[in-house]
Amino acid sequence: MNDFLIPQFQWNSLSYLTSRAGRIGTQELTELMESESLTRNHFMIVCALAEFGPMSQNDLAKHSNLNRGHLVAYLDELAERKILERSVDPADRRRNIVTLTNAGKKFTARATAAAQRSEADVFGALDAKQQATLRSLLQQVATKDGEAR
């Protein structure tokens with residue numbers, strides 16, 4: 001039995017409960033990113049590049065849902081660690097194309113695996129049908145907020 005009791009408001013709060021599940025569900029990923037002195041924003045960038053392939057910085061800002069002004073600093077940090085590289089777009093020399101390196105692909109695979117393990121652990125309390133229902137409901141909330149897939 002757990003002696004840790006939270007206030008009733010939090011126990012009934014969807015925001016609190018989803019935030020708590022999110023913290024637990026990304027714990028291993030967070031630890032990995034912190035051990036590399038990186039953040040979840042860096043993770044969003046490498047995931048976007050892994051899924052969509054090389055792209056311009058503007059497109060990367062859209063796919064990672066990050067502010068273009070902040071993106072450059074994140075890209076600098078990832079390039080310094082040889083996780084990605086930037087090159088001039090041959091079709092438009094004013095643009096940079098961002099590409100994952102081989103080391104970046106390996107890092108992304110490690111980070112994604114860590115995220116999947118944490119998520120499986122926390123949501124293992126639900127069966128597959130319940131997980132699918134929860135995922136669908138949370139996707140509806142994200143869609144209402146303007147996110148799309």
Side-chain angles (χ1 to χ4, degrees), residues 1-86 96-149:
M1 175 144 177
N2 189 350
D3 291 332
F4 177 68
L5 298 174
I6 64 171
Q8 190 67 42
F9 179 82
Q10 277 80 12
W11 187 247
N12 290 322
S13 168
L14 293 172
S15 296
Y16 172 81
L17 293 171
T18 54
S19 174
R20 181 156 166 61
R23 268 192 322 276
I24 297 166
T26 59
Q27 187 170 353
E28 190 174 340
L29 170 65
T30 300
E31 290 169 2
L32 171 68
M33 297 305 286
E34 287 176 355
S35 76
E36 299 280 340
S37 299
L38 297 172
T39 67
R40 283 193 256 178
N41 288 336
H42 294 102
F43 180 64
M44 292 173 65
I45 291 167
V46 297
C47 283
L49 290 169
E51 182 171 342
F52 300 110
M55 66 183 88
S56 71
Q57 290 181 193
N58 278 341
D59 288 341
L60 184 54
K62 293 173 190 172
H63 283 297
S64 61
N65 197 23
L66 293 171
N67 177 293
R68 285 185 297 203
H70 297 137
L71 181 66
V72 173
Y74 296 130
L75 295 178
D76 287 345
E77 292 164 347
L78 291 167
E80 187 176 296
R81 289 171 172 80
K82 309 289 188 223
I83 291 173
L84 61 77
E85 59 188 15
R86 289 180 276 197
N96 281 324
I97 299 297
V98 182
T99 307
L100 278 179
T101 62
N102 285 333
K105 291 174 186 175
K106 290 176 185 173
F107 172 77
T108 303
R110 277 192 359 255
T112 301
Q116 289 169 332
R117 284 190 300 272
S118 288
E119 187 170 307
D121 183 45
V122 72
F123 293 105
L126 306 175
D127 65 31
K129 184 176 179 184
Q130 291 170 321
Q131 288 181 32
T133 299
L134 178 59
R135 183 176 295 108
S136 176
L137 293 170
L138 293 173
Q139 287 169 342
Q140 287 178 38
V141 171
T143 299
K144 183 180 183 286
D145 191 45
E147 290 196 24
R149 175 71 187 130

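Small disclaimer: the values here were computed from a predicted structure and weren't measured.
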Results of side-chain contact (heavy atoms from CB on, under 4.5 Å) for Glu85 - residues two or more places apart only: Thr99, Thr101
Apply side-chain contact (heavy atoms from CB on, under 4.5 Å) to residues Phe52 and Asp59 and explain how you reach the verdict. CA-CA 10 Å; Phe52 300 110; Asp59 288 341; over 6 Å; no
Identify the heavy atoms of Gly25 and Ser118 that sit nearest to each other, and give their distance. O-CB, 3.0 Å
Side-chain donor-acceptor pairs under 3.5 Å in residues 134-145, sequence neighbours left out?
{"from": "Thr143", "atom 1": "OG1", "to": "Gln139", "atom 2": "O", "distance (Å)": "2.8"}

What heavy-atom pair brings Thr112 and Cys47 nearest, and what distance separates the two atoms? OG1-SG, 4.3 Å
side-chain hydrogen bond (donor to acceptor under 3.5 Å, both in side chains) involving Arg23 - partner list, sequence neighbours excluded: Ser19
Could you walk me through whether Asp127 and Gln130 pass the side-chain contact (heavy atoms from CB on, under 4.5 Å) check? CA-CA 5 Å; Asp127 65 31; Gln130 291 170 321; 3.2 Å; yes
Residues which pass side-chain hydrogen bond (donor to acceptor under 3.5 Å, both in side chains) with Thr108, listed by chain and number, not counting sequence neighbours: none
Measure across Met33 and Phe107 and return the closest heavy-atom pair with its distance rounded to 0.1 Å. SD-CZ, 3.5 Å
The single option from Asn96, Ile83, Val98 that satisfies side-chain contact (heavy atoms from CB on, under 4.5 Å) with Leu75 is Val98
Residues passing the salt bridge (charged side-chain N to carboxylate O under 4.0 Å, His left out) test with Arg117, sequence neighbours excluded, are Glu28
Minimal heavy-atom distance between Ala48 and Leu60, with the atoms involved, is CB-CD1, 3.8 Å
For Asp76, what residues pass the side-chain hydrogen bond (donor to acceptor under 3.5 Å, both in side chains) criterion, not counting sequence neighbours? Arg86
Sub-3.5 Å donor-acceptor pair from the side chain of Thr26 to the main-chain atoms of Gly22, do we have one? yes
Holding to side-chain hydrogen bond (donor to acceptor under 3.5 Å, both in side chains), I want the full list of residues that pass it with Glu77, two or more places apart in sequence or in another chain. His42
Partners passing salt bridge (charged side-chain N to carboxylate O under 4.0 Å, His left out) against Glu80 (at least two apart in sequence or in another chain): none
Residues passing the side-chain contact (heavy atoms from CB on, under 4.5 Å) test with Gln8, sequence neighbours excluded, are Trp11, Asn12
Can you tell me how far CG of Leu100 sits from CD1 of Ile45, rounded to the nearest 0.5 angstrom? 10.5 Å
Nearest-0.5 Å distance, OG1 of residue Thr30 to CD1 of residue Ile24: 11.5 Å
In this structure, OH of Tyr74 is separated from CG of Leu66 (nearest 0.5 Å) by 6.5 Å
For Ala114 and Leu32, which heavy atoms make the closest approach, and how far apart are they? CB-CD2, 4.3 Å
For Arg110, which residues count as a salt bridge (charged side-chain N to carboxylate O under 4.0 Å, His left out) partner, sequence neighbours excluded? Glu36
Can you name the side-chain contact (heavy atoms from CB on, under 4.5 Å) partners of Asn67, sequence neighbours left out? His70
Are Leu38 and Leu78 close enough, and set up right, to give a side-chain contact (heavy atoms from CB on, under 4.5 Å), and what steps lead you there? CA-CA 9 Å; Leu38 297 172; Leu78 291 167; 4.1 Å; yes
Give the minimum heavy-atom separation between Ser64 and Met44, together with the two atoms involved. O-CE, 2.7 Å
Please enumerate all residues that pass side-chain contact (heavy atoms from CB on, under 4.5 Å) together with Asp121, with sequence neighbours excluded. none
